[in-house]
Structures are given as C-alpha cells and as structure tokens.
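I have placed the structure first, in the form of structure tokens, so that the comments after it can refer back to it.
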Amino acid sequence: MQDRIKQGVKWAWARLRDFNDVRDLFELLGLKTAFVAMLGGLGSYAWLYEPGNRPLAVIAICLIVIAICIVSIASQKQLSAVDGSSWYKRWFLGENEAPKPQSEFILLRDAAIKAYTESHARGGGLARRAEKMSGLAPDYTIIRGDEIQILNWVAGDIASKITLFGVRPPAINPERLEYPVKHYSIQDGAVTLRHFLYGEQGYYTNLSVRTNELHKFLEELAKNDP
C-alpha cells in the first residue's frame, strides 16, 4: 500500500511539473485547489508516518485525488469547454457569477467584419457582391474593391437595414442617424460617415449599431444570403 501511495505522489508531482511554476497553478486553478492539494499531501504523510491518523489520511487522500483530476483536466485545456455551472468550475475556479451582460452597441466596423466573415465562409452573396461592386474607377464605373472598400460596402448594407448611431465631433454623445444620410457616405473602412463635399469639416465617427439588431440581421443573412 505504501508503495502505491508513493507512486501516486510521484505521479501527482509529475503532473504538477507540467506547469511553469507554482504561481501558474494558483492562477489557473485558484487557492481552493491548491489548498485541497496541500491537504492531500498532509494526508499522504499521515498515512505513511502516522498510522493512528489513518481515517483522516483516507479523507485527505481522497481530496488529493480530486485535486489531481482537476490538474489533469486543466493541463489538457478542457476547462474552457466546461459549462460555467459545473460544480467543480464554481468551486475550484470561483466562477459562480452570472455572465457579464453583453454590450448594447457594437462598432459598425466590427459588425461589417463579422457579417462579411460569416458570408464569405459560406460563399454567400453579401460577400461576393461586396467584393465585386465596392470599388469605383476614375470614370465612376463599379469595379472590384479593396479591403477598405469592401468594409464600407458591407457597412452600408448593414446600416440600410438596422439603426445606425454616430458621434459628430466635437460632440461626444452618439446620436441616431437615418441612413442613408443625404450627401454622406461610409468611408475609411466603416469608421466614419463623411460628407461628400466638406470632408473633414462634416463627418460622424464612432459609428455603431445595436448588438441585438445585428444578431437579428446575421440570423436573417444566414437564412437568405444567395
């Protein structure tokens, strides 16, 4: 029995050595897991050298078995796939808080990137049209666009279907914009809404859309993106 315990302790130590240092273990698994591991170590000592404390040692060794299982799972990077409500994730990692609420708004540029990426991945029409129709030649004929023009095109498609918000410098508060805004166009990779004539003297920045509206847009796009 003692040989088996010694082998178990050696195995546990070998697992712990997978981490760069003790601090990494504490940060990954939390103080609770480290405490359980220490209890298990004391239990192993009691089993080997204090026969009178065998019942307590059995409990402690059971605890170290649990700790070793957690270490093994973490070392294989499986905790990220575990639901946050699992008891051992709540106990060992302290993740018992409710999920953080999602931001109400998302930047239009990020929304355009997300929409283009999803459409492009399935060979959808949104991505194809953006690639073929977003550029403009010197004679004003439509040509294939570059990455900035593609984002502008996709952002324009999004803004034409859901509510657009922007900030007009030097103001700092966003305001609702009815897109398309007369004499304005989305430019700079979906970053600004700029006036055709006045340029730097007439523009909106920090363009954004509501996150929930974007989700609905993407759901509809996934169903109808020929």
Side-chain angles (χ1 to χ4, degrees), residues 76-84 95 97-226:
Q76 297 172 20
K77 299 182 179 180
Q78 294 177 352
L79 282 177
S80 60
V82 177
D83 181 71
E95 296 185 6
E97 308 90 359
K100 293 182 179 180
Q102 193 174 42
S103 176
E104 182 181 357
F105 293 94
I106 181 173
L107 291 176
L108 180 60
R109 176 182 175 84
D110 294 339
I113 291 174
K114 187 174 181 63
Y116 173 80
T117 300
E118 293 187 8
S119 179
H120 180 74
R122 58 176 172 263
L126 175 70
R128 294 197 308 272
R129 291 190 295 272
E131 293 166 357
K132 296 179 180 179
M133 302 172 60
S134 58
L136 194 64
D139 60 354
Y140 297 102
T141 57
I142 294 175
I143 59 175
R144 188 178 183 87
D146 58 24
E147 60 184 76
I148 300 299
Q149 293 168 325
I150 289 174
L151 284 180
N152 293 337
W153 195 96
V154 175
D157 188 75
I158 294 173
S160 67
K161 295 180 173 64
I162 62 179
T163 310
L164 177 66
F165 295 85
V167 175
R168 173 68 185 269
I172 59 174
N173 295 326
E175 56 184 279
R176 179 172 177 169
L177 305 173
E178 295 296 337
Y179 188 83
V181 183
K182 189 176 182 180
H183 304 310
Y184 281 79
S185 67
I186 294 174
Q187 300 180 18
D188 307 322
V191 172
T192 55
L193 185 70
R194 199 176 301 275
H195 196 281
F196 288 127
L197 300 178
Y198 301 122
E200 295 298 331
Q201 297 179 356
Y203 71 97
Y204 292 86
T205 188
N206 290 345
L207 304 179
S208 61
V209 294
R210 286 195 174 97
T211 304
N212 61 343
E213 291 186 16
L214 177 63
H215 286 166
K216 293 178 181 178
F217 171 85
L218 294 176
E219 289 175 359
E220 291 298 322
L221 184 65
K223 297 176 184 177
N224 185 23
D225 189 22

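A distance of 11.5 Å separates CH2 in Trp153 from NZ in Lys132, rounded to the nearest 0.5 Å. Taking CD1 of Ile158 as the reference point, atom CG of Leu126 lies at 7.5 Å (rounded to 0.5 Å). Interatomic distance, Leu108 CG to Ile113 CD1, rounded to the nearest 0.5 Å: 10.0 Å. Between Leu214 atom CG and Glu219 atom CD the span is 10.0 Å, to the nearest 0.5 Å. Summarising the geometry, atom CD belonging to Gln149 is positioned 8.0 Å from atom CG belonging to Leu136; distances are rounded to the nearest 0.5 Å. We find the CG-CG distance between Asp188 and Leu151 to be 11.0 Å, quoted to the nearest 0.5 Å.
Legend: residues meeting side-chain hydrogen bond (donor to acceptor under 3.5 Å, both in side chains) with Thr205, ordered by chain and number and at least two apart, are absent. Residues passing the side-chain contact (heavy atoms from CB on, under 4.5 Å) test with Arg168 are Glu175, Tyr184, Tyr204, sequence neighbours excluded. With sequence neighbours left out, Ser119 forms a side-chain hydrogen bond (donor to acceptor under 3.5 Å, both in side chains) with Asp225.
In terms of heavy-atom proximity, Ile186 sits nearest to Ala159 at CD1-CB, 4.2 Å. Between Arg144 and Glu131 the shortest heavy-atom distance is CG-O, 2.9 Å. Of all heavy-atom pairs spanning Leu221 and Ala115, the tightest one is CD2-O, 4.2 Å. The heavy-atom pair separating Thr211 from Ile106 by the smallest distance is OG1-N, 3.8 Å. Residues Arg194 and Thr192 come closest through the heavy atom pair NH2-OG1, 3.3 Å. Contact detail for Gly156 and Tyr179: the closest heavy-atom pair is O-CE2, 3.5 Å.
Ring geometry, His195 versus His183: the interplanar angle falls from 30° to 60°, so the pair is classed tilted.
Residues Arg210 and Phe165 are in side-chain contact: their nearest non-hydrogen atoms beyond the backbone lie under 4.5 Å apart. Taking the side chain as every heavy atom from C-beta outward, Tyr116 and Asp157 never approach each other to under 4.5 Å. For the pair Leu207 and Arg109, the minimum side-chain heavy-atom distance is 4.5 Å or more. Under the 4.5 Å side-chain criterion, counting only non-hydrogen atoms from C-beta, Phe217 is not in contact with Val209.
A donor-acceptor pair under 3.5 Å is absent between the side-chain atoms of Asn206 and the main chain of Gly166, judged by distance alone. A donor-acceptor pair under 3.5 Å links the side-chain atoms of Glu213 to the main chain of Thr163, judged by distance alone.
Salt-bridge annotation for Lys114 and Glu118: present, with a side-chain N of the basic residue lying under 4.0 Å from a carboxylate O of the acidic one.
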